[in-house]
Amino acid sequence: MSRDSPQKAAVIQNCSAKGPSTTRLSALEKYFNSIFSQEPDFYVRVPGRVNLIGEHVDYCGYSVCPMAIQNDILIAVKKSEEGKLKIVNVDPAYRTPYNGTTNNIKIQVKAGEAPDWFSYVLCGVKGVLEDFPAGRKPVGCLLAVNGNIPPASGVSSSSALVCAAAMAAAHANELDMSREELATLCARAERYIGTEGGGMDQAICLLANRGSAKHIKFNPLKTEDVQLPANSVFVIANSLTTLNKAETGCYNTRVAECRLATQVMAKFRGVPGHRVSLLAELQDYLGISLHQMLDLAKEALLEVPYTKKEICSVLEVTEAQLNKQYIPNNILHIDTFKLRNRALHVLQEALRVETFVTLCSQDISAELALKRLGELMGQSHVSLETLYECSHPELDRLVALSKGSALGCRLTGAGWGGCVVALTTTSTADAYIAMLKEKFYKGHPSVGNRDLDSLVFATEPSGGAEVIPA
Ligand code: GLA
């Protein structure tokens with residue numbers, strides 16, 4: 001198939017007018033050919049995402065409201081009947097190739113180190129193979145990756161890679177899987193990296209609909225489109241600090257703190273610990289409202305940090321039992337857990353998601369809706385900074401600069417670095433972006449020769465994952 005064939009151009013237009021350009025696909029095809037001396041069978045495109053509200057609540061079972069962005073991962077795919085699994089990347093920063101087979105996928109992660117880039121691809125393929133129909137033999141895949149989602153910046157470059165690989169493997173094997181099944185499988189498979197994430201990123205990457213944000217509920221996974229106010233414009237601004245979740249224990253420590261808070265609150269109310277593992281499950285079990293859960297958290301959890309010994313004594317378990325049930329391997333050495341503040345953030349943030357989604361569907365003026373959405377985003381950031389302690393001084397600086405120029409601004413994604421998302425309008429977005437370029441990026445030592453338009457940009461809700469025929 002020649003690069004600019006009308007068929008390919010038509011498919012691209014149908015699938016995604018704002019999707020990958022023909023130039024990018026052609027460059028990927030050329031690269032694929034130069035490495036494998038063959039033509040790809042098909043391409044997969046999976047977008048990154050920006051979370052509008054609902055941070056650090058998905059792994060507690062509460063709903064979130066993200067949207068997909070235009071930046072994406074593209075993979076060119078060719079089936080290999082001999083079961084080979086070869087992975088290469090166009091970007092010279094990720095040049096180490098992977099060369100193996102589908103029957104023996106091992107994902108190696110060294111403590112305290114960022115995983116090899118292809119480990120995320122392996123997670124996706126492994127996830128699909130684990131759910132493979134009995135009696136069928138999987139085909140292998142030759143995969144060439146080209147992504148333009150900023151890495152380790154809170155806009156889901158890793159999950160997009162996992163989802164793209166899973167979609168490639170599922171399509172190559174002609175598996176009949178729903179997007180919900182694929183999203184759930186990807187969320188599970190990404191945990192091979194060692195980070196015990198929730199399911200937000202995988203769900204939005206796979207299920208997004210162009211033009212809408214999504215309200216995503218978990219256990220079971222359910223999504224609903226959210227129509228954002230007509231003149232809203234969300235701007236993403238990179239703080240020029242990065243965090244690889246798998247490299248540090250920060251993220252898993254928050255996951256553990258939420259699990260432990262759930263257990264201490266359950267114990268306080270006489271709920272058998274083994275019946276609930278997430279805050280949302282405890283709420284369901286008790287049949288109470290989010291406001292009542294907040295009261296319970298305030299009553300049951302001490303303000304001072306807990307040591308492991310203290311938690312063991314409250315829960316009447318040994319340290320070995322506690323470690324086995326609630327503490328991820330890479331943070332077994334952590335001995336201080338702040339249960340009250342973490343639970344308060346999660347429960348208040350869950351309430352903010354409900355209010356945010358309701359405001360988007362309410363029959364009120366766009367002006368009022370935007371003002372209130374912006375306030376919720378501002379409250380979310382304060383909570384992430386103070387109660388959840390997952391911000392970064394540079395994120396806080398972006399948020400402070402945004403006061404008065406944007407309706408609301410908050411860190412997005414896991415935090416500890418990465419990006420902020422700001423709510424502006426069609427008439428204020430350009431001036432806001434210009435202000436940040438002047439006051440934050442101009443002269444910033446980490447900008448280097450990067451194009452400022454790739455560091456701060458307006459985005460609109462993009463479509464979810466798609467398969468593009470070659
Ligand atoms: C990461 C995880 C998500 C979610 C966010 C924080 O992106 O992958 O599951 O927990 O952090 O909201």
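Owing to the predicted nature of the structure, the values given are computational and were not obtained by experimental measurement. Both ligands and their constituent atoms are indexed starting at 1 by order of listing.
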Discussion item. I'd like to check which ligand 1 atoms, numbered from 1 as shown, lie under 4.0 Å from a non-hydrogen atom of Ala414.
Written reply: 11 (O)
Discussion item. Determine whether Glu281 and Arg275 satisfy the following criterion, salt bridge (Lys or Arg N to Asp or Glu O under 4.0 Å), listing intermediate values before the conclusion.
Written reply: CA-CA 8 Å; Glu281 285 173 1; Arg275 301 298 298 268; over 6 Å; no
Worksheet item: What about Ser159: any of its N or O atoms under 3.5 Å from an N or O on ligand 1?
Response: no
Worksheet entry | Check ion pair Glu180-Lys222 (N to O, under 4.0 angstrom) | no
Item to complete: Please state whether the rings of Phe118 and Tyr98 are parallel, tilted or perpendicular, taking 30° and 60° as the class boundaries.
Response: tilted
Worksheet, complete the sentence: One finds that the ligand 1 atoms under 4.0 Å from a non-hydrogen atom of Met200 are 4 (C), 5 (C), 12 (O)
Worksheet item: Can you list the atoms of ligand 1 that are under 4.0 Å from a heavy atom of Arg49?
Response: 7 (O)
Practice prompt. Measure Glu349 to ligand 1 on non-hydrogen atoms and call it side chain, backbone, both or neither using the 4.0 Å cut-off.
Written response: neither
Worksheet item: Does ligand 1 have any atom that is closer than 4.0 Å to a heavy atom of Arg191?
Response: no
Item to complete: Examine Gly198 against ligand 1 and note whether any of their N/O atoms are separated by less than 3.5 Å.
Response: yes
Item to complete: Using distance alone, decide if ligand 1 has a nitrogen or oxygen within less than 3.5 Å of any nitrogen or oxygen in Tyr251.
Response: yes
Worksheet item: Between Tyr59 and ligand 1, is there a nitrogen or oxygen pair with a distance under 3.5 Å?
Response: no
Discussion item. For atom 8 (O) of ligand 1, what's the nearest protein heavy-atom neighbour? Residue, atom name and distance, please.
Written reply: Asp201 OD2, 2.7 Å
Item to complete: Applying salt bridge (Lys or Arg N to Asp or Glu O under 4.0 Å), run through Asp131 and Arg188 and close with a yes or a no.
Response: CA-CA 11 Å; Asp131 277 10; Arg188 188 190 71 220; 3.4 Å; yes
Item to complete: Look at the rings of His56 and Tyr59 and say which category their plane angle falls in: under 30° parallel, 30 to 60° tilted, over 60° perpendicular.
Response: perpendicular
Worksheet item: More than 12 heavy atoms of other residues, nucleotides or ligands under 6.0 Å from CG of Asp451: is that the case?
Response: yes
Practice prompt. For Glu55, take its heavy atoms, then give the atoms of ligand 1 lying under 4.0 Å from any of them.
Written response: 6 (C), 12 (O)
Worksheet item: Hey, is Glu196 close enough to Arg191 for a salt bridge, meaning N to O under 4.0 Å?
Response: no
Fill in: Geometric class of the His345/Tyr388 ring pair [parallel <30°, tilted 30-60°, perpendicular >60°]
tilted
Worksheet entry | Nearest non-hydrogen protein atom, atom 3 (C) of ligand 1 | Asp58 OD2, 3.3 Å
